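See below for the structure under consideration.
The structure presented is a predicted model; accordingly, all values stated were derived computationally and were not measured. We name chains A, B, ... by the order of the sequence lines, and we start the count at 1 in each one.
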Protein chains: 2
Amino acid sequence: MARPNAGTKGVPRLDRETQILDIASEHFGTHGFAATSVAAVAAGAGISKPLVYSYFGSKEGLYEACLERGGALLADEMERIAAGEAVGIERGMQTLAALFSLLEERRYLWRLFFDTTAPTDGPARDSIARHADRIGRLADEGVTELMALAGNTDALDVSAMTSVWLGIVDSLMNWWVEHPDQTADQMMQRCLRLLAALFGDTP
Amino acid sequence: MARPNAGTKGVPRLDRETQILDIASEHFGTHGFAATSVAAVAAGAGISKPLVYSYFGSKEGLYEACLERGGALLADEMERIAAGEAVGIERGMQTLAALFSLLEERRYLWRLFFDTTAPTDGPARDSIARHADRIGRLADEGVTELMALAGNTDALDVSAMTSVWLGIVDSLMNWWVEHPDQTADQMMQRCLRLLAALFGDTP
DNA sequence: CGATGGTAACTTACCCAAGAGTCATATAAC
DNA sequence: GTTATATGACTCTTGGGTAAGTTACCATCG
């Protein structure tokens, strides 16, 4: 007898991994890497800490797996937009619409990629940067197009504008997290109104 | 005898506090609250940890003191702009110019106020939020004006637009930190070019 | 002028809690 | 009975916070 909770619960590894990644992504995205504890993730999944380590190796490994899965989701969608014909601000708006729709039930996911508390040293640095950069590169591509249309091809200008664009998306996502009652559709309508307020018309 | 380093070094409390705040602000602003250790700040100032605690009470107290000093600097400048006659985007650009000039030697300072790793519970929460909100309120005022000019007075729209505006400033500051060779003047010229690229003219 | 004592400016050496990571073991399922 | 799934009970490091003591300075008293 003894340990009443030991032994398998009949949950296959892949199912359990998926569940752990769901919980971990939410924690990492909501509180950041540093403020997330593996024990809390385990508790959230209703399992013990060693199982998490058994499946993901380390806290960084867990974070990396979250990035992997989330990054694929985000980048695939952004690539779909990129493959379309929209350019400039139009492409930006389509990207926003896609992101709102995609992340409606996972608003925290975006913040995973812009976490300043993620480890900046050690072997995980490269891997983390790679995933974060994949989204950045897609943004860069769109911004380069936009700037070229306006006759500006300065590399630093494009770099700064990309940073600003990502900052805009970031702040919209943060605002959305703080306003849970807003639907994806309402967010998109709001963005169109904000754009109209800036440009003085309704494009 | 014994402890060769004990005893006063003849540095008055106020001088020492100022020095500690300089170091601490840079650490907090660069690495965030969670990733900053009091021991590192003390080492940076060439003193021991207990002296920091003796002067500031706790890590949160130290952070609060940084916010106090930095917030006064930032808010005073933003209030100076607010008192002027510029409105809308013009006011935004003037604020940017003032911030670039003010923060040229302290680019990390801005990030102090938007640190997601700052403690979200405990007694310091209110105090910290109060300082962060002071800047937010000034931004809100400017954005409200801008939106009103465009005929939009929806509270949520204004709230979201304020968030976006702060996000833009945030990303510009981050970009600036990553490009140390750029002067305040170059940053401002760049912003004007980015604005021109968006609006298709040079206002 | 030198002794005395108070105080401000410091430090060493420690405590303690939180959290990353590990080991040996247990049980359900097949 | 073998294996994948699982856990209780550790260890070890990091970092916030503290207790107690040390040294320099300065005023006052003889």
Side-chain angles (χ1 to χ4, degrees), chain A residues 1-21 23-24 27-28 31-66 117-124 128, chain B residues 1-21 23-24 27-28 31-66 117-124 128:
Chain A
M1 52 156 293
R3 314 198 186 167
N5 288 324
T8 182
K9 292 169 183 164
V11 180
R13 175 167 185 157
L14 273 181
D15 290 8
R16 193 61 98 186
E17 281 181 351
T18 302
Q19 182 200 11
I20 294 173
L21 284 181
I23 312 263
H27 273 251
F28 283 135
H31 309 295
F33 180 85
T36 296
S37 85
V38 177
V41 172
I47 56 172
S48 68
K49 202 169 48 155
L51 192 59
V52 178
Y53 277 91
S54 156
Y55 285 169
F56 295 98
S58 67
K59 187 181 180 182
E60 283 189 5
L62 178 60
Y63 181 57
E64 228 179 297
C66 290
T117 71
T120 53
D121 60 335
I128 289 169
Chain B
M1 49 161 299
R3 313 196 187 170
N5 288 324
T8 181
K9 292 169 183 165
V11 179
R13 174 165 186 156
L14 274 181
D15 290 6
R16 193 60 99 186
E17 281 181 350
T18 302
Q19 182 201 10
I20 294 172
L21 284 181
I23 313 262
H27 272 251
F28 283 136
H31 309 295
F33 180 85
T36 296
S37 84
V38 178
V41 172
I47 56 173
S48 69
K49 200 169 54 157
L51 190 60
V52 177
Y53 278 91
S54 156
Y55 286 170
F56 295 99
S58 67
K59 187 182 180 182
E60 284 190 3
L62 178 59
Y63 182 57
E64 229 181 297
C66 290
T117 70
T120 53
D121 59 336
I128 288 169

Practice task
Tell me what A:Tyr55 touches on the nucleic acid: a base, only sugar-phosphate, or nothing, going by heavy atoms under 4.0 Å.
Solution key: sugar-phosphate
Exercise for the section: Please report, rounded to the nearest Å, how far the P atom of C:dA18 is from the CG atom of B:Asp121. Expected result: 12 Å
Exercise for the section: Return yes if some donor-acceptor pair links the side-chain N/O of A:Ser54 with the main-chain N/O of A:Pro50 below 3.5 Å, else return no. Expected result: no
Completion exercise
Of the candidates C:dT11, C:dC10, D:dA6, the side chain of A:Leu51 sits closest to D:dA6
Practice task
Could you tell me whether the phosphate oxygens of C:dC10, OP1 or OP2, come under 4.0 Å of any side-chain nitrogen or oxygen in B:Arg16?
Solution key: yes
Problem - For atom NE2 of A:His27 and atom C1' of C:dG19, their distance in whole Å - result: 15 Å
Handout entry: nucleotides 13-19 of chain D: protein proximity per nucleotide (B base, S sugar-phosphate only, - neither; heavy atom, under 4.0 Å)
Key = ---BBBB
Practice task
Please name the pair of heavy atoms, one in B:Gly32 and one in B:Thr117, separated by the smallest distance, quoted to 0.1 Å.
Solution key: C-OG1, 3.9 Å
Handout entry: Shortest non-hydrogen separation from A:Asp15 to A:Val11 and the atoms involved
Key = CB-CG1, 4.0 Å
Fill in the blank from the handout: To the nearest angstrom, the CG-C1' distance between A:Leu14 and D:dA4 comes to 13 Å
Handout entry: For atom CD of B:Gln19 and atom P of C:dA9, their distance in whole Å
Key = 14 Å
Handout entry: Selection residues 33-65 of chain B - residue pairs positive for ring pair (Phe, Tyr, Trp, His ring centres under 6.0 Å), sequence neighbours left out
Key = B:Phe28-B:Phe33, B:Phe28-B:Tyr63, B:Phe33-B:Tyr63
Practice task
Would you check if the side chain of A:Gln19 reaches a backbone N or O of A:Ala45 as a donor-acceptor pair within less than 3.5 Å?
Solution key: yes
Handout entry: Under 3.5 Å donor-acceptor, A:Thr36 side chain and A:His27 backbone
Key = yes
